[in-house]
Amino acid sequence: MLEFSEGSYIQRKTLFVEVILPLAISRNYTYRVPFEMNSLVETGKRVVVQFGKSKLYTAIIASITEHAPEKYEAKYIIEVLDDKPVVTERQLKFWHWIAEYYMCNEGEVMNAALPSALKLASETKVMLNRDYEFDRTQLNDKEFLITEALDIQPELTISDIAKLLGQKTVMPILKSLFEKNVINISEEVSERYKPRRKTYLTLNPEYNNPESRKELFTILEKRAPKQADAVLAYMKLSRQQKAVTKNELVEESGAGDSSIKSLIEKEVFIAEERTVSRLGYDENDDIANFTLSNAQQIALQEVQQQLTEKDVVLLHGVTSSGKTQIYIRLIEDAMATGKQVLYLLPEIALTTHIIERLRVYFGTHIGVYHSRFNDNERVEVWRKVLDNEYQVVLGARSSVFLPFHDLGLIIVDEEHETSYKQYDPAPRYNARDAAIYLANLHKGKVLLGSATPAFETYFNARTKKFGLVELAERYGGVQLPLIEVVSIGKETKDKTMQSHFTSVLMLDMEQAIANKEQVILFQNRRGYAPILMCRICAYTPKCINCDVSLTYHKHSGKLHCHYCGYKEDTPSVCPACGSTHLEYKGFGTEKVEDELSMLMPDARLARMDLDTTRSRNSLQTILNNLEEKKIDVLVGTQMVAKGLDFADVTVIGIINADSLLKYPDYRANERSFQMLAQVSGRAGRRGKQGKVVIQTYDPNHRVIKQVIANDYADLYFTEMEERKSFHYPPFYRIINLDVKHKNPEILYNQAEYLANELRKHFGERVIGPEPPLINRIRNYYIKSIMLKFERDTISIVKAKAVIREVITQFQTTKLAKGSIVQPDVDPY
DNA sequence: AGCACGCCGACT
DNA sequence: GTCGGCGTGCTC
């Protein structure tokens, strides 16, 4: 003992760290800190540890103690990766809450939260960054050696590199190479996000004075009249709107693409490519310089006022009411106090355009976080949020995991969107709900925005748990769509129906197409016909796994199960009685498209449902075609109602509202109301009157009346008063347990067994596993068991404790062999 | 998540 | 007789 200074005393203490490993294991593990690293360890820093026989992982320090574990000998930490923590203590608390609330492991949360480049493991693959030219003379010997090796073999694992260098500690070298942008850390090579581009035209300023313009016209009219038309059309358009696109000009002038091309070559027009949003916005609505309408101003003040009293406020504003402008004012407020802001959007609404416009507004202080970003970009955003370089972050679901220091405000736009909920890998979190907890950790506020709030949100607002601000007026004089309810029954009697279309809808469609406007038809079923039935013995083919009737798909000529994906050939004779009188009952999008193509042979039709969007770019192609007006009528399922607005869609037809009104779901009325309201909201934007045609056998159905009145309160509250027995979430807390297995038969037995185990504790509050509907995800069949508790009859904590115990027993029972049970908590 | 260990079916 | 399938348990 040569030294007695305080510093050396600290070095002599034996420290242990509890770390979170990025694995689905139930506990945190304890490692021993070598003396020389005593001053380096800190909560939230990354460390490299060996776990199991040979694997190295990046783990996060969750806590530091001096107490040695008693039952085992702790392994040593191999290295400390960071100079300062990459995960804040608040985040660790947040992770802990997520793990607890959504019944998963902290390791799984870590996996979802950290970009993979921050969690290198021995099997991680490394490759050269091809997008970046680097100067190899800047590298040291070892770094140089690695790049050389990567020239020969494009992919190396970290253990390969350890062998190559003949040393165990390679992480710091890789870290530095990554930071110098020399290497990439591979993940599944995610498709890079391609922004959508549009060509904008401006007239060469040379022709701004009347004389030179006159001159231009005289030349053009003689030699190229089409080009003259194009210039005239440009003048007309530019008087109406701020920016003119090439496509708009082609359409307006009737001149061909080539005339415009030659005008660009002659430098009459100056062409410029710009990134464009897929939302209904374009250059013509100005976000940088806007004034709030009266209604918006009142709503803003009300939101500000309510945010002083409540932690969460719901802004319920009809489609096109200009909620974004209100958000921008609120973001400014929060920024003025020096706090950070998180602006959450569903993935589909995150486009470069909205980002660009907010960038114009907030400069370089705004960061964006996307699932389509590659890892380098994600790490960069992570670091910049950590270093407080970004004051505003615009992002999808996973951005709730960024290392914020001082969140003043979280905005959750389109709060009702189901894409905020992650289903497949744990953690099965809902970013909207997690955001509320996150804001709470920061003593910040949450604004939820929606035109069609989720039922639970509206319930919380009406029961004063959340604040509530209503904005019922569309912005900028945009009219709410006219809604016309048409009785299918009456038109059938009058013989004015043409296949599935009423005369009203036919007329509206024809008019819209004549005006070069577009139509969206909504039919809540895909396939051709949902039921095939024998006319003699009423036999219907059913799925062998799920016991639901099989849907006929004309495209494949087969019968499909929409739950598990099972397919079989269409029988030509009834398998039960041998008769040949087989009948298709009901109809889906395929049939609607089919019949419409016969009624309107000239209209350009397209279909958007799961079947037509399964392949990689097909959704994008459909959207592009719609935007470029290569489609007159789009037939689709729920997909057409999600997030996308097109300026020229003026007519929305709901082919059969009754299939929606009888939605086979325990939240039936809410779902049908939302669906109808969302679809309806898509009609008519930017100065065009929209129209919604609702075809139904039941024109007096209350839900339809409420959609017309945009009346949430009545729907929800009378419903609750009248039918307390209905399975509405605000009265119930629901926990879903998913049972997974590759074999549907075993799965069903196990689900049944688990349900019975749970019944021993919870009695009749366990629903399931009937009816035998089985979903298939990847190669597993999944069956849910729902636990439904009346509110206040059981604490969710207690329920979860019991469930955990049952699951643990279940997993050690012989019957449970091979099944994985994954709980999915619905917090309402 | 990996990985080893162990227990049953079809092969040189 | 073994090779290898997966089901099970453990990793600080």
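Lettering of chains follows the sequences in order, A, B, ..., and the numbering in each one begins at 1. Predicted model, so just to flag it, every value in this text is computed and none were measured.
- The interatomic distance linking A:R27 (CZ) with C:dC10 (P) rounds to 11 Å, in whole Å.
- Spacing between atom NZ of A:K119 and atom C1' of B:dA1 amounts to 12 Å, rounded to whole angstrom units.
- When each of C:dC12, B:dC3, B:dA1 is scored by its nearest atom to the side-chain atoms of A:K55, the top-ranked nucleotide is B:dC3.
- Side-chain N/O atoms of A:Y72 and base N/O atoms of C:dC12 include a donor-acceptor pair closer than 3.5 Å.
- In this structure, NZ of A:K53 is placed 17 Å from C1' of B:dA1, rounded to the nearest angstrom.
- Aromatic rings of A:Y429 and A:Y420 (six-membered ring for Trp) have centroids beyond the 6.0 Å cut-off, not under it.
- Counting to the nearest Å, the P atom of C:dG9 and the CD1 atom of A:I25 are 17 Å from each other.
- OP1 and OP2 of C:dT11 both lie 4.0 Å or more from every side-chain N or O belonging to A:Y57.
- Remark: the A:S176 side chain and the A:E143 side chain contain an N/O donor-acceptor pair separated by less than 3.5 Å.
- One atom, CG of A:L23, and another, P of C:dC12, lie 11 Å apart when rounded to the nearest Å.
- Here A:F401 and A:F94 bring their ring centres to under 6.0 angstrom of each other.
- A cation-pi arrangement is present between A:K421 and A:Y423 under the rule of less than 6.0 angstrom and at most 45 degrees off the ring axis.
- When the P atom of B:dA4 is taken as reference, atom CZ of A:F51 falls 14 Å away, rounded to whole Å.
- Counting non-hydrogen atoms under 4.0 angstrom, A:R32 reaches nothing in the nucleic acid.
- In this structure, A:N105 atom CG and B:dA1 atom C1' are separated by 11 Å, rounded to whole Å.
- Residue contacts shown for A:K75 are limited to sugar-phosphate atoms, with no base heavy atom under 4.0 Å away.
- Counting any heavy atom pair closer than 4.0 Å across all strands shown, A:F16 reaches no nucleic acid atom.
- We find that A:D160 and A:K125 are not joined by a salt bridge, their nearest charged nitrogen and carboxylate oxygen being 4.0 Å or further apart.
- Per the geometry, CD1 belonging to A:I20 stands 17 Å off P belonging to C:dC12, to the nearest Å.
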